[in-house]
Amino acid sequence: MDLFSSLKSFFRTSTTFVDNWAFTLHYRITTGVLIAFSILVTGKQYFGDPIDCISRDDIPTKLLNTFCWIHTTFSVPDAWEKKVGVEVPYPGVDKYTPGETRKYHAYYQWVCFFLFLQAIFFYIPRYFWKAVEGGRIKSLILGLDCPIVSEEAKKTNRKLIVQYFLSTLRHNGRYFFCFVVAEIMNFINVVGQIFLLDTFLGGEFTTYGLNVVRFSEWEPEVRYDPMIQVFPRITKCTFHRYGSSGDVQRHDSMCLLPINNVNEKIFIFLWFWFVILAIISGVALIYRAAVIKSKTVRFFSTKSRASMCNAENLDIVIKKFALGDWLMLDLLAKNVDPQNFRDIVDDLAKELDGRMCEGKNGSSTTAL
């Protein structure tokens, strides 16, 4: 029983939320998906049968497979749209003609490493934000995330939180600035990853998803699979060796690439996922711009996750809070029990409203 408890605590994710759901899609969902794909491709590549080449004469099959895997295979672009079974055995596979244009496929050796590198890039903004945030929100919770706390403990901890907000009032600008920088990093990263993948796949990735959608709408008799150009299942490989007379012999082989069946599905998913993620990240930045511009947006944003709060008191607090103060309050609302958060806002409003009254009375006295 103790062993299972230890394992459960080891795999439990952090319950302190210091970002938003759009941010989570980057560092948790996308990173996890990319690592899973990397492991899948690695298993297929190193523990399966990633390439099978047709061997003839006395060339050992294993030798030919290893050679073609290391030295890459190629397709003939002029043969992609020829009639299969009549003109060519497979799209992109044709007999050799002097001066023919070839398209080499070397990416499949590096897909597992590339996907893992992408996962690292998607986690970098999270790492940056966690380093800047420094566990501040986790320290501020003070056990108030649990609704069952003694009244004395509630009052003491609420007082500490209120004192912290008042003592750091309008001194949390760097906190907000770094969070916005992390969100911008997320957007730049996902857009950059789309173009990086395009370069990796020879300029085919940016239109890949659109071509797949168009292909699915064509008539079966006339449609031509665009995925074959990016991830061919059958390619050619040229092997040279010395013959019995000492002259160089050229051996053309057809190679089956089962691994491309996996790569094709992975990159179709990534195209749609990255496009959706880029749109969500762009919308998140528009929302952040609205938050910077309008205190009303900040009010409704916090109110939506703290419905038990008194609207007047929350309005008082947000009007007095700068952007950094508001962000900390908003993150606190995500982590603290709604009743306890309501009491924190009420206490803050009382203190801030009292300061406002003192300010007004002081100015009146001076005027008199």
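These figures come from a predicted structure and were not determined experimentally. All heavy atoms count here, side chains included; hydrogens, waters and symmetry mates do not.
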Taking the six-membered ring where the residue is Trp, are the ring centres of Y208 and F231 under 6.0 Å apart?
yes

Validation row: I316, N313 side chains within 4.5 angstrom (heavy atoms):
yes

Does the ring centre of Y27 sit less than 6.0 Å away from the ring centre of F128?
no

Report yes or no: do F200 and I268 belong to one cluster of Ile/Leu/Val/Met/Phe/Trp/Tyr joined by side chain heavy-atom distances under 4.5 Å?
yes

Distance col, row T168:OG1 vs Y175:OH, nearest 0.5 angstrom, shows 11.0 Å

List the residues meeting side-chain hydrogen bond (donor to acceptor under 3.5 Å, both in side chains) with S281, not counting sequence neighbours, and say none if there are none.
H26

Quick one: do the N263 and N260 side chains pair a donor with an acceptor below 3.5 Å?
yes

Restricting to non-hydrogen atoms, name the atom on F116 and the atom on S38 that form the minimum distance, rounded to 0.1 Å.
CB-OG, 3.8 Å

Rounded distance (nearest 0.5 Å) linking atom CG of L277 with atom CG of L270:
11.0 Å

Check this for me, if you would: do R298 and D330 make a salt bridge, where the nitrogen-to-carboxylate-oxygen distance has to be below 4.0 angstrom?
no

Rounded to the nearest 0.5 Å, how far apart are CD1 of I29 and CH2 of W21?
11.5 Å

Side chains of D19 and R126: closer than 4.5 Å at any heavy-atom pair?
yes

Find out if a path of hydrophobic residues (ILVMFWY) with successive side-chain heavy-atom gaps under 4.5 Å connects F269 to L197.
yes

Applying the 4.5 Å side-chain criterion to the ILVMFWY set and letting contacts propagate, would I188 and Y127 be lumped into a single cluster?
yes

Atom CD of residue position E312 - does it have more than 12 heavy atoms of other residues, nucleotides or ligands inside 6.0 Å?
no

Within the 4.5 Å heavy-atom criterion, are F37 and V111 side-chain neighbours or not?
no

Taking the ring of F267 and the ring of W273, is the distance between their centroids below 6.0 Å?
no

Lys/Arg-Asp/Glu bridge criterion (N-O < 4.0 Å) met for K138, E133:
no

Side chains of L352 and L169 in contact at under 4.5 Å (non-hydrogen atoms):
yes

Ion pair check, D325 and K320, cut-off under 4.0 Å
no

Donor + acceptor pair across side chains of Q193, N189 (<3.5 Å)
yes

Taking atom NE2 of H71 as the centre, does the number of heavy atoms from other residues, nucleotides or ligands within less than 6.0 Å exceed 12?
yes

In short, side chain to side chain donor-acceptor pair (under 3.5 Å) pairs touching residues 144-160 with sequence neighbours left out are R158-D347

Cys pair C255, C53: SG separation below 2.5 Å:
yes

Is K319 paired with D315 through a side-chain N to carboxylate O contact shorter than 4.0 Å?
yes

When rounded to the nearest 0.5 angstrom, what distance separates CZ in R102 from OG1 in T235?
11.5 Å

Nearest-0.5 Å distance that lies between atom CZ in F274 and atom CD in Q118:
4.5 Å

Please name the pair of heavy atoms, one in A182 and one in W129, separated by the smallest distance, quoted to 0.1 Å.
CB-CB, 4.0 Å

Under a 3.5 Å distance rule, please check whether S253 uses its side chain to pair with a backbone N or O of I54 as donor and acceptor.
yes

Are M328 and Y164 side-chain neighbours, meaning at least one heavy-atom pair lies under 4.5 Å?
yes

Heavy-atom nearest pair, C309 first then V345, reads SG-CG2, 3.8 Å

Are V180 and F176 packed together at the side-chain level, in the sense that at least one heavy-atom pair is separated by less than 4.5 angstrom?
yes

Are any of the side-chain heavy atoms of L144 and F341 separated by less than 4.5 Å?
no

Who pairs with R136 by salt bridge (charged side-chain N to carboxylate O under 4.0 Å, His left out), at least two apart in sequence or on another chain?
none

Can you establish whether the number of heavy atoms outside F272 located under 6.0 Å from its atom CZ is more than 12?
yes

